[in-house]
Amino acid sequence: MNRKNSEEDGIIQFEEDDNQQNNYQNQKNVKQQPMKFRKESEDEEIIHEPGMQQINQQEQDLNTLRLNRPQTSAQQMKIQQQQQQQQSQYQDNQFEQIQQRNEHQSEESSKNSAERDIDNQSIVDFQTELGEQVEQEDINQQVQPTIFQQQRIENNQQQSQLQESQLQQQPSQSSNTQRQVSANPFPPKLEITYVQEQMNGQDKGRAFLTTPLKQDRTLQCQIQRDKSGLARLYPVYHVYTTDGNIYLFSAKKVVMNTTSNYVISMDKKEFSTRKPCFLGKVRSNFLGTEFILWDEGKNFKKCKDTSQIRNQLGVVFYESHIMQNKCPRKMKVLIPKVGEMNIPKIFQPLHSKEGIQYDYQYNKREFIEEFVNKPPRWDTKMKAHVLNFFGRVDQPSVKNFQLVNPENHQFIYLQFGRVNDLQFNVDFCFPLSPLQAFQICVTSFDFKFACE
C-alpha cells in the first residue's frame with residue numbers, strides 16, 4: 001500500500017507537476033497575449049495603460065507649440081509657392097470657364113460671329129501694321145537725336161571757321177580801337193621827340209618837369225631803384241621815359257631826420273638843396289599818414305624874401321590802419337587846380353596853419369583838384385585784391401595804385417605798379433606835371449608806421 005501509495009503519490013505528484021507546468025504555460029500565454037495585442041494596437045493600449053495619459057497630453061502640447069512656433073524662411077517659401085500654385089490654378093479655372101462661355105456664345109451666334117471675326121481680323125491687321133510703324137518710329141527717334149547733335153556740332157564748327165576766316169580777311173577798325181582801349185585806357189602817348197627837345201633846352205627841362213603835361217597826352221615812365229653800395233638802407237630812385245630811355249630826374253631820402261624827407265634833383269649824384277639841379281621835396285609826418293609836396297623854394301621860417309618862399313604842389317593822405325586788420329591802402333591826393341594858360345593855382349603858405357590841407361579842411365575847395373586811389377576788387381580764385389593795370393604791372397605789391405576822380409573811376413589819371421624788385425612803371429596825364437607824378441609815387445615807396 002505504501003508503494004502504491006507512494007507510487008500513487010508519485011504519480012499524483014507527477015501529475016501535479018504537469019498541471020503546474022501547464023498552468024505556468026497558460027499563465028505565460030495569458031501574459032504574452034496582451035503584449036501581442038499591444039504590438040498590434042499600440043495606440044489603443046496606450047490610452048488604457050496607467051500613467052500614459054499624461055504623456056499623451058504632453059505630446060499634444062508639444063504639437064500645439066510646434067504649430068504655433070515661428071516659421072522658417074524655407075517654410076515661408078513653401079507656403080508662398082503653394083499659394084501661388086493655388087492662385088494660378090484658380091486663374092486657369094476661371095480662364096477655362098470664360099473660354100467655355102465664349103465658345104458657347106459663339107456656337108449660338110455663329111453667323112454674326114463669322115462676320116465679326118472678318119471685321120476684327122481686318123482691324124487687327126491694320127493695328128499690327130500701325131504698331132510696326134510706331135515701333136520703327138520710336139526706334140528712329142531714339143537714334144536720331146545723336147545724329148542731330150552731330151549735325152549741330154558740325155554746323156557750329158563750320159560757322160566758327162567761317163567767322164574766323166572773315167575776321168582774318170576783313171579786319172575792322174573798331175576791333176583795333178577796342179584793343180587799344182583794353183591795352184591802355186589813357187590818352188595817346190606823348191611824342192618822344194617833343195620830350196627830347198624840352199630836356200635839351202636852355203633850362204635843361206626844368207619848365208617841362210614842373211608844368212602840367214599836355215592835354216590829351218600820356219607820358220609813360222619807368223622808375224629804377226638803386227640799392228648798390230651805400231644805397232642799401234637809403235635807395236636812390238631814377239626816372240626814365242619808357243620809349244627812348246630819356247633820363248628825367250632822381251630822388252633820395254635824407255639821412256638822420258626825424259621824419260621822412262626826400263630830395264628830388266635833376267642830377268643822379270647831386271642832391272644838395274643849394275644846387276641849381278634841385279627841384280623839390282617830399283616831407284611826411286611822424287606816422288606817415290600825410291605827405292606834403294614842395295617845390296624848390298625855401299621855408300618861410302628861414303626866408304624873409306616872400307618871392308623865394310616855397311609853394312605847395314600837393315598833399316597826399318593815407319588812411320591809418322592802427323589796431324585794424326590788414327587791408328589795401330586808401331589814399332587821397334590834393335593838388336592845385338590848373339587854370340588858364342596851363343598855369344596852376346599857387347598855394348604859398350606864410351604860416352604854419354595855411355596850405356592846401358587847411359583849405360580842404362575848411363571847405364575852401366574851389367582851387368583844389370581831388371583824386372583817390374581806385375579800390376581793388378577781391379578775386380576768389382587768386383584770393384587776393386586785384387586791379388587791372390593793362391599790362392603795365394607784372395608783380396603784386398602794396399605800393400601799386402591807380403588815381404581816379406572820386407565821382408568817376410573809369411578814367412585813370414595816374415597809375416603806378418611794380419615790374420620787378422628794382423623796376424616800377426608810371427603812367428600819368430594832365431593835369432599832373434612830371435614832378436607831381438613822381439612825388440606822389442615817392443610817397444608810396446616810403447615806410448608808413450600807421451599803414452603797414
Side-chain angles (χ1 to χ4, degrees), residues 185-186 223 225 237 251 253 259-262 281-294 312-337 347 355-365 368-380 382-390 392-419 424-429 431-433 435-452:
F186 290 93
I223 300 174
R225 182 163 56 181
Y237 304 96
K253 190 174 184 179
T259 59
S260 296
N261 192 357
Y262 290 86
K281 280 185 177 182
V282 178
R283 188 70 179 261
S284 74
N285 61 359
F286 178 75
L287 295 176
T289 57
E290 180 181 331
F291 292 82
I292 301 175
L293 316 180
W294 301 101
Q312 276 189 354
L313 302 178
V315 181
V316 181
F317 297 101
Y318 287 89
E319 186 176 346
S320 177
H321 292 162
I322 297 174
M323 303 298 291
Q324 294 181 6
N325 294 327
K326 290 184 179 180
C327 59
R329 291 178 178 176
K330 292 182 180 180
M331 59 187 298
K332 183 185 293 184
V333 179
L334 305 176
I335 62 172
K337 187 172 284 187
F347 285 87
I356 297 173
Q357 67 273 28
Y358 294 102
D359 289 351
Y360 183 83
Q361 185 178 357
Y362 298 137
N363 293 325
K364 297 178 182 180
R365 304 177 183 178
I368 298 174
E369 194 81 30
E370 181 181 358
F371 301 100
V372 296
N373 68 316
K374 187 176 181 179
R377 62 178 179 84
W378 178 258
D379 192 351
T380 55
M382 298 178 66
K383 294 183 179 180
H385 292 90
V386 178
L387 273 176
N388 186 6
F389 288 89
F390 305 95
R392 292 285 290 163
V393 177
D394 295 334
Q395 293 183 359
S397 176
V398 180
K399 300 177 178 66
N400 301 345
F401 68 88
Q402 291 177 336
L403 287 185
V404 294
N405 193 322
E407 297 178 356
N408 184 10
H409 289 187
Q410 293 181 356
F411 190 82
I412 300 171
Y413 293 90
L414 186 150
Q415 72 175 5
F416 171 79
R418 182 176 181 175
V419 179
F424 299 82
N425 283 339
V426 183
D427 302 337
F428 63 93
C429 61
L432 293 169
S433 66
L435 179 59
Q436 286 174 327
F438 183 46
Q439 286 175 329
I440 294 168
C441 295
V442 168
T443 62
S444 183
F445 282 116
D446 189 61
F447 177 79
K448 301 164 188 65
F449 179 75
C451 301
E452 301 297 337

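Computed over heavy atoms, backbone and side chain alike; hydrogens, waters and symmetry mates excluded. Computed from a prediction, not measured in an experiment: that's the story for all the values here.
- Two residues are said to be in side-chain contact when any heavy atoms from C-beta on lie closer than 4.5 Å; Val386 and Met382 meet this criterion.
- By the 4.5 Å heavy-atom criterion applied to side chains, Arg365 and Asp359 are not counted as neighbours.
- Shown here are the side chain to side chain contact (heavy atoms under 4.5 Å, CB included) partners of Ser444, two or more places apart in sequence or in another chain: Tyr318, Arg329, Lys399, Phe401, Phe416.
- Atom NZ of Lys337 has more than 12 neighbouring heavy atoms from other residues, nucleotides or ligands inside a 6.0 Å radius.
- Within the 4.5 Å cutoff, no side-chain heavy atoms of Leu334 are placed close to those of Gln357.
- From Leu403, atom CG reaches atom CG of Leu432 across 7.5 Å, with rounding to the nearest 0.5 Å.
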Step-by-step side chain to side chain contact (heavy atoms under 4.5 Å, CB included) determination, Val333 to Glu370: CA-CA 6 Å; Val333 179; Glu370 181 181 358; over 6 Å; no

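- Around atom NZ of Lys374, more than 12 heavy atoms belonging to other residues, nucleotides or ligands sit under 6.0 Å away.
- Taken from CD1 in Ile412 to CG in Leu387, the straight-line distance is 8.0 Å, to the nearest 0.5 Å.
- Between the side chain of Gln402 and the main chain of Asn388, a donor-acceptor pair closer than 3.5 Å is present.
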ring-ring contact (aromatic ring centres under 6.0 Å, His included) evaluation trace for Tyr358 with Tyr360: CA-CA 5 Å; Tyr358 294 102; Tyr360 183 83; over 10 Å; no

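- Side-chain contact between Pro328 and Trp378: absent, with no pair of heavy atoms (C-beta onward) separated by less than 4.5 Å.
- A donor-acceptor pair is defined here as one N or O able to donate and one able to accept, closer than 3.5 Å; no such pair exists between the side chain of Asn261 and the backbone of Arg283.
- A distance of 10.0 Å separates CZ in Phe389 from CG in Asp427, rounded to the nearest 0.5 Å.
- For the pair Ile356 and Ile368, the tightest heavy-atom approach, listed with the atom from each and the gap, is O-CD1, 3.8 Å.
- For the atom pair CZ (Phe186) and CZ (Phe411), the distance works out to 7.5 Å, reported to the nearest 0.5 Å.
- Although no hydrogens or angles enter the test, the distance criterion places no donor-acceptor pair under 3.5 Å between the side chain of Asn405 and the main chain of Tyr413.
- Within the 4.5 Å cutoff, side-chain heavy atoms of Met331 are placed close to those of Ile440.
- You'll find the side chain of Gln415 stays beyond 4.5 Å of the side chain of Val426, heavy atoms only.
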Arg418 vs Asn400, side chain to side chain contact (heavy atoms under 4.5 Å, CB included): CA-CA, chis, key distance, verdict: CA-CA 7 Å; Arg418 182 176 181 175; Asn400 301 345; 3.8 Å; yes

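- The CZ atom of Arg225 sits 5.5 Å away from atom OH of Tyr237, with the distance rounded to the nearest 0.5 Å.
- Just one of Phe424, Phe438, Phe291 meets the ring pair (Phe, Tyr, Trp, His ring centres under 6.0 Å) condition when paired with Phe445; it is Phe424.
- Counting only heavy atoms from C-beta outward, the side chains of Ile223 and Cys441 approach each other to under 4.5 Å.
- Rounding to the nearest 0.5 Å places CD1 of Ile292 at 12.5 Å from OG1 of Thr443.
- Defined by atom type and a distance below 3.5 Å, a donor-acceptor pair is missing between the side-chain atoms of Asn285 and Glu290.
- For the pair Asp446/Ser260, a side-chain contact is recorded, criterion being any heavy-atom separation below 4.5 Å from C-beta on.
- Scanning all heavy atoms of the two residues, the minimum distance from Val372 to Pro406 falls at CG2-CA, 4.0 Å.
- The closest donor-acceptor contact from the side chain of Asn425 to the backbone of Val393 lies at 3.5 Å or more, if one exists at all.
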Audit row: Ile335, Leu313, side chain to side chain contact (heavy atoms under 4.5 Å, CB included) steps and yes/no: CA-CA 6 Å; Ile335 62 172; Leu313 302 178; over 6 Å; no

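- The minimum heavy-atom distance linking Leu293 with Gln439 is given by the pair CB-OE1, 3.3 Å.
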